[in-house]
Visitor: 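Sharing a structure here in structure tokens format.
Keep in mind it's a predicted model, so treat the numbers as computed, not measured. Only this structure's heavy atoms are used, side chains among them; waters, hydrogens and symmetry mates stay out.
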Amino acid sequence: SGYTFLWSNGETDAQVSNLDAGPFSVTITDDLGCTDFYEATMTAANSFTRVLNSFQDPRCNGAFDGSISVDTILGGSPPYQIGWSNGASGNDVTGLPADFYDVYIVDADNCFFLQSITLTDPDPIDAIASLNQPDCFGTATGSIVISSLSGGTLPYSFSWTNGTNTQDLNNVSAGSYGVTISDQNGCQQSYLYNLLNPPPIPIGSILGPPTAVEYSSGSYEVLQISSVSYNWSISGGSIDSGATDATVYVTWNFTGTGML
């Protein structure tokens with residue numbers, strides 16, 4: 001003998017599938033026309049409502065110390081299986097660089113939840129410096145001024161190779177100077193700067209009497225190969241004229257070796 005089936009959704013097979021949650025009924029009829037009626041209610045699985053994550057971006061540009069944690073799963077049916085797009089599993093993933101990450105959660109009813117998280121690098125420390133070269137050959141009048149500073153996480157600290165810990169380097173002579181700039185997270189960036197001496201004044205020689213004679217007059221001339229200014233001074237005599245010229249005229253008040 002055979003049976004016929006009539007479901008409340010219009011299906012006529014003995015078995016129905018892909019049903020939504022809700023009440024269902026079926027009427028079964030045999031060859032003699034006898035019928036029986038059955039009812040059932042399909043209950044929906046507990047769906048995911050929200051997943052709460054916490055994350056830490058990498059502390060420095062290019063670092064591999066970011067992390068993501070699945071803190072709370074709302075909805076679904078435990079136990080949960082948690083997987084990550086980088087192949088990790090479990091609630092927490094660490095040692096991450098900046099990138100895009102997906103977390104996959106499957107519950108006991110085989111329901112699936114996907115969430116995406118983005119970790120972002122901080123900008124790298126970037127410094128722009130202005131170099132002021134020494135005014136004269138051999139003088140400590142140079143400076144390095146860091147005029148622009150960006151990236152990293154404030155505040156910054158500075159360590160120069162000459163032991164200075166200020167942002168700018170002042171009153172220094174010609175040479176190479178390095179600075180390491182560190183931010184609040186310990187991220188570092190190093191720079192090297194060079195200060196150069198200007199050329200020295202190229203004095204060839206001074207022509208004049210080598211020995212002073214009391215009350216005698218003499219003239220002294222600088223043989224000079226480039227244009228400079230002059231400022232003569234004397235010990236043991238007086239300047240008659242030419243104190244700011246290449247040739248100076250003097251009168252000595254003693255006999256011996258004087259100084260110009």
Visitor: Check which hydrophobic residues are tied to L195 through side-chain heavy-atom contacts below 4.5 Å, counting indirect links as well, and list them.
Guide: I125, L131, I144, I146, L149, L154, Y156, F158, W160, L169, V172, Y177, V179, I181, Y191, Y193

Visitor: Is it possible for you to say whether L52 and V103 belong to one hydrophobic cluster, with membership spreading through side-chain heavy-atom contacts below 4.5 Å?
Guide: no

Visitor: Mark yes or no for whether D126, through its side chain, and S150, through its backbone, hold a donor-acceptor pair below 3.5 Å.
Guide: no

Visitor: Side-chain donor-acceptor pair under 3.5 Å between S25 and E39, yes or no?
Guide: no

Visitor: Just one of T161, T166, D168 clears the side chain to side chain contact (heavy atoms under 4.5 Å, CB included) bar with T164, so which one?
Guide: T166

Visitor: Tell me whether the count of non-hydrogen atoms from other residues, nucleotides or ligands lying under 6.0 Å of CZ in F100 goes above 12.
Guide: no

Visitor: Just how far is it from atom OG of S116 to atom OH of Y101, taken to the nearest 0.5 Å?
Guide: 12.5 Å

Visitor: I'd like to know if the side chain of W84 reaches the main chain of G90, judged simply by a donor and an acceptor atom lying under 3.5 Å from each other, with no hydrogens or angles considered.
Guide: yes

Visitor: In terms of hydrophobic clusters joined by side-chain contacts under 4.5 Å, are V106 and L114 together?
Guide: yes

Visitor: Between the side chain of N170 and the main-chain N/O of S143, is any donor-acceptor distance below 3.5 Å?
Guide: no

Visitor: May I ask you to decide if A88's main-chain N or O and N86's side chain share a donor-acceptor pair within less than 3.5 Å?
Guide: yes

Visitor: Sequence neighbours left out, what passes side chain to side chain donor-acceptor pair (under 3.5 Å) with S147? Give chain and number order.
Guide: none

Visitor: Would you say the side chains of T35 and T29 form a donor-acceptor pair under 3.5 Å?
Guide: no

Visitor: Please test N171 against T141 for side chain to side chain contact (heavy atoms under 4.5 Å, CB included), starting from the C-alpha separation and ending with a verdict.
Guide: CA-CA 5 Å; N171 301 318; T141 54; 5.9 Å; no

Visitor: Between S69 and N91, does any side-chain donor sit less than 3.5 Å from a side-chain acceptor?
Guide: no

Visitor: Quick one: does any side-chain atom of D121 pair with a main-chain N or O of N61 as donor and acceptor, under 3.5 Å?
Guide: no

Visitor: For atom CD of Q81, is the number of surrounding heavy atoms from other residues, nucleotides or ligands below 6.0 Å larger than 12?
Guide: no

Visitor: Is D71 reaching over with its side chain to a backbone N or O of S54, donor-acceptor style, under 3.5 angstrom?
Guide: yes

Visitor: Checking the side chain of N197 only, and the main-chain atoms of G138 only, is there a donor and an acceptor separated by less than 3.5 Å?
Guide: yes

Visitor: Within the side chain of N9, is there an N or O that forms a donor-acceptor pair under 3.5 Å with the backbone of E11?
Guide: yes

